[in-house]
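Presented below is the structure to which this report refers.
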Amino acid sequence: MRRFRLPLIIIAALAWVVVGLIVARGPQPEIIVPAEVITKVGFLNISNTMISAWAAMFILLVGCFLATRTMKLIPTGAQNFVESIIEFLMGQLEDIAGSANARRFFPVIATFFIFILLANWMGLLPFFNAIGKTEDIGVEIFHYIEEHHEHHEPFEEEIAHSSGWLVDNVGIGLVLPNANDAHFEMGAGAANPVPAEEALDKYIVFLAETFTDFEAEGSDGHGPAEVTPEMLTAAVAALNADPDAPKLLPANEKHAVPSAALGDDLVVSGIDFPGQKLALIIPLFRSVYSDVNNTIALALISFFMVEFWGLRTLGFSYLGKFFNFSGFIPFFVGILELLSEFIRIVSFAFRLFGNIFAGEVLILMLTFLLPFLIVDIIYGLELFVGFIQAAVFALLTLVFAVMAVEHHDEEHDDHEGEAVHDDMESQGTPGQ
Amino acid sequence: MGEAFTALGINLPQLIAQIANFVVLLLILRFTLYKPVLRMLDQRRERIAEGLGAAEQARAEASDAQERIEAQLAEARGQGQEIVANAQQVAARIQDEARQQAERDREAAAERSVQEIQLERDRAIADLRAEFAEITVTAAERVIRQSLDEDAHQRIIEETLAESDLGERS
């Protein structure tokens, strides 16, 4: 029996993967780098990462309130849990920064760690990147075409490629298994701009191909390279024949885009989707730090806190590290120090963003390719990455803070930390 | 640069909003989490240190008391031994005295008995002598029952007796 165990496990795993492919394979995910905007309040875009950040904050605040509402000398339950975390963090800080500095740095460093960790781990919850409002790509493409027509601008590089999923006509959507995706290519490029009217013809043919049985010659399903009048007429006929297919709305006073192939015989003012829509589901929740804004915000706070602590402790002598006029080389080193101080912001921001965004894309793509089993491994990996990134962010801020509040000398190296510095001090560096 | 910003979705209002979010979170956590928890941890550390100090003190006190008790015990033991030794001495002396007294008594008794015996003997001798003289007189009377008066007889006997050992010895 033992002999068969391993092959059996492998067969079961493969079967599971196949079941996943059949049952849970979604449409190809659209990787969008900027956080999607859910709604706007005044000048502020409420993006899905912002909503996730608020959710994480809310959980933290409620949790902390409940855990510390009745503090007892002999801890129980939640208080125990919270205390163990705080004590662990405090211990780490005291090891690195010493007792007095640890107290000062603690709130900021601990908040960095706790909030980043919670946000990263929350990003792995199943409803992240899955539930959202539908964004009508089909209508949006037409709006772009109309805009370009009105300004008499041919399509160059932007919106050369649009993708959407065929989803049911709902406001809040869920990415469904076995949904179809559709990609519309205008075939435009800077060298070969496509006029708005030609783009409309291509779009109509694309819609006919996507929503009906219509097949165009020389098309790969992403829109034909060249649209002939006959092809366009057939496509319009096919769209009109199917009641569930998108309908071209006739021209009115406000909106009118003529076709390139048929001229004034076909003027469109809009497209209506009575059945399925060509839309993307914009997730309501997206991992907080898969948005550059949020990581830059944290990096800026980290930067300002480090400089603040440095100035507070050393006074104006802190600036002597950067503006050293005792010679050409010290001056140059000082300028480099100053630069590195600002480069930290970028490295802080993009380290966190890169890790979390890449993890999110990896999970999305793997879920699309092999929905079951393999993704679980990546989830485990992402748990680890989320923790490491939180720890790295907090620890680096701490180390920079410790370096900033130390008494610097010009030979001090950024990367060697306090040990080297202490050595130098104890040896009494000559020439000081 | 601007294009890169758009591609990454960097926009200032959201950046500021996130900074504000973080600051708010920091402040609230400071008051709902860090302060109470750290205070509690400090308080507990203090209490434990206090408890340990008290325990240490109690232990020291206990060992102190133990020492004192042991010293007292040793003293008491010494005193007891001394008392016993004294008692033994007294007992020995009493015994000795008793023995000596007994000795003396015995000797006195012996002496007394010797005296008594001597007295008795003397008396017995005297009696015997008297009786013997009487018997002798009686005998001589019987023998010579004539002219000799009683006084002459008595004198002769006395003389006789004086010549004999019996008279000398008394």
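The chains referred to below are lettered A, B, ... by the order of the sequence lines, with proteins before strands, and numbering in each begins at 1.
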Atom group of [X] that falls short of 4.5 Å from chain B, counting heavy atoms:
X        : value
A/Ala53  : side chain
A/Val37  : neither
A/Phe353 : side chain
A/Ile114 : side chain

B/Gln100, CD atom: more than 12 neighbouring heavy atoms under 6.0 Å: yes
More than 12 heavy atoms of other groups within 6.0 Å of B/Glu159 CD: yes
To the nearest 0.5 Å, what is the distance between [atom1] ([X]) and [atom2] ([Y])?
X        : Y       : atom1 : atom2 : value
B/Arg44  : A/Glu83 : CZ    : CD    : 4.0 Å
B/Leu12  : A/Phe43 : CG    : CZ    : 9.0 Å
A/Thr111 : B/Leu26 : OG1   : CG    : 4.5 Å
A/Leu298 : B/Ile19 : CG    : CD1   : 9.0 Å
A/Thr295 : B/Ile10 : OG1   : CD1   : 8.0 Å

Option that, when pairs with chain B are counted at under 4.5 Å, heavy atom only, ranks first among A/Asn294, A/Asn293, A/Ile32, A/Val108: A/Asn293
Close approach to chain B in residues 84-92 of chain A, criterion heavy atom under 4.5 Å: A/Ile86, A/Glu87, A/Met90
Inter-chain contacts: residues 299-306 of chain A against chain B, heavy atoms under 4.5 Å: A/Leu300, A/Ile301
Pairs where residues 36-47 of chain A contributes a residue and the test salt bridge (charged side-chain N to carboxylate O under 4.0 Å, His left out) is met, not counting sequence neighbours: A/Glu36-A/Arg286
Chain A neighbours within residues 27-37 of chain B, where any heavy atom lies under 4.5 Å away: B/Ile28, B/Leu29, B/Arg30, B/Thr32, B/Leu33, B/Tyr34, B/Pro36, B/Val37
Donor + acceptor pair across side chains of A/Asp291, B/Gln14 (<3.5 Å): yes
Toward chain A, the part of B/Leu15 with a non-hydrogen atom under 4.5 Å: both
Heavy-atom proximity to chain A below 4.5 Å, by part of B/Arg47: side chain
Heavy-atom pair of closest approach, residues A/Met57 and B/Asn21: CE-O, 3.4 Å
